S.K.: 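Below is a structure I'd like to ask you about.
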Amino acid sequence: MTNVDRAVFVAAYSRLVADVWADPAKEQALDRDPRGFLAGYGLHLPEEVQVRVVRDVADADPDLEVQVKSWELAESSGAFVLFVPSLLPVAEAELAEDEMDSVVAGLDSSCACCCPCCCT
């Protein structure tokens, strides 16, 4: 796989995962027709390659290199495993007062003396 092919795959895979996370209809489409869903992102596989979707892998961090390798070997192995990591909810945490003081509209307060555009 060339660097360009890898970059194209990673970009398409990233869009696919983000769309599945964001849209329940796309999640259902993936479940109904994984091969067709992949094709919608420019990821085409021969009919003889079996596609298996693995979701919400417990206690495992998503590993992009494993996904790239699965794509790279799909035609020769006859199988492609599409990993769709779970979207973990952002932990809710309360900021201490000193932490809130250090943030002004998403900017460090040391830079809030003037318009942010003139500090760059």
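Numbers here are sequence positions counted from 1. Quick caveat: nothing in here was measured; it's all calculated off a predicted structure.
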S.K.: Would you give the length of the straight line joining atom CG of Leu30 to atom CZ of Arg35, rounded to the nearest 0.5 angstrom?
M.R.: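 That separation rounds to 13.0 Å.
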S.K.: Indicate the atoms forming the closest heavy-atom contact of Asp31 with Pro34, along with that distance.
M.R.: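 Heavy atoms of Asp31 and Pro34 come nearest at O-CD, 4.1 Å.
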S.K.: Kindly work out whether a path of hydrophobic side-chain contacts (I/L/V/M/F/W/Y, heavy atoms less than 4.5 Å apart) joins Val54 to Leu82.
M.R.: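 Linked within one cluster.
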S.K.: If you round to the nearest 0.5 Å, how far is CD of Gln67 from CG of Leu16?
M.R.: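 CD of Gln67 is found 9.0 Å from CG of Leu16.
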S.K.: Would you give the length of the straight line joining atom CG of Leu38 to atom NE2 of His44, rounded to the nearest 0.5 angstrom?
M.R.: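 Output value for this atom pair is 9.5 Å.
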S.K.: Show the nearest heavy-atom pair for residues Met1 and Val68, with the distance to one decimal.
M.R.: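 Where Met1 meets Val68 most closely, the heavy atoms are SD-CG1, 3.8 Å.
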S.K.: Tell me every residue that passes salt bridge (Lys or Arg N to Asp or Glu O under 4.0 Å) with Glu48, counting only those two or more places apart in sequence or in another chain.
M.R.: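 For Glu48 there are no salt bridge (Lys or Arg N to Asp or Glu O under 4.0 Å) partners, ignoring immediate neighbours.
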S.K.: Please check if Val53 and Leu64 belong to a single hydrophobic cluster, counting links between Ile, Leu, Val, Met, Phe, Trp and Tyr side chain heavy atoms closer than 4.5 Å.
M.R.: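 They do share one cluster, since a chain of ILVMFWY contacts under 4.5 Å joins Val53 to Leu64.
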S.K.: For Ala22 versus Pro24, what's the shortest heavy-atom pair and its separation?
M.R.: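 So the minimum-distance heavy-atom pair works out to O-CD, 3.9 Å.
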S.K.: Donor-acceptor pair, Arg6 side chain versus Glu72 backbone, under 3.5 Å?
M.R.: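 No, Arg6 side chain to Glu72 backbone: no donor-acceptor pair under 3.5 Å.
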S.K.: Would you please name every residue forming a salt bridge (Lys or Arg N to Asp or Glu O under 4.0 Å) with Glu27, sequence neighbours left out?
M.R.: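 Result, salt bridge (Lys or Arg N to Asp or Glu O under 4.0 Å) vs Glu27: Arg55.
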S.K.: Taking the inter-plane angle between the rings of Trp71 and Phe9 on a 0 to 90° scale, is it parallel (under 30°), tilted (30 to 60°) or perpendicular (over 60°)?
M.R.: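 Ring orientation of Trp71 relative to Phe9: parallel.
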S.K.: Over all heavy atoms of both residues, which pair between Ala74 and Val49 is shortest? Give the atoms and the distance, please.
M.R.: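 Looking at all heavy atoms of both residues, the shortest contact is O-CG2, 3.7 Å.
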S.K.: I'd like to know if the side chain of Ser70 and the backbone of Val66 have a donor-acceptor N/O pair within less than 3.5 Å.
M.R.: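 It does not hold such a pair.
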S.K.: Is it true that Val81 and Val10 fall in one hydrophobic cluster, defined by side-chain heavy atoms closer than 4.5 Å?
M.R.: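 Same hydrophobic cluster.
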S.K.: Take atom CZ of Arg52 as the centre, draw a 6.0 Å sphere, and report whether it contains more than 12 heavy atoms from other residues, nucleotides or ligands.
M.R.: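 No, because the 6.0 Å sphere around CZ of Arg52 holds 12 heavy atoms or fewer from other groups.
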S.K.: Can you confirm whether Val51 sits close enough to Phe37 that some side-chain heavy atom of one is under 4.5 Å from a side-chain heavy atom of the other?
M.R.: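 With C-beta onward as the side chain, the pair stays apart.
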S.K.: Compare all side-chain heavy atoms of Asp19 with those of Tyr41 and state whether any distance is below 4.5 angstrom.
M.R.: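 In short, these two side chains touch, coming nearer than 4.5 Å.
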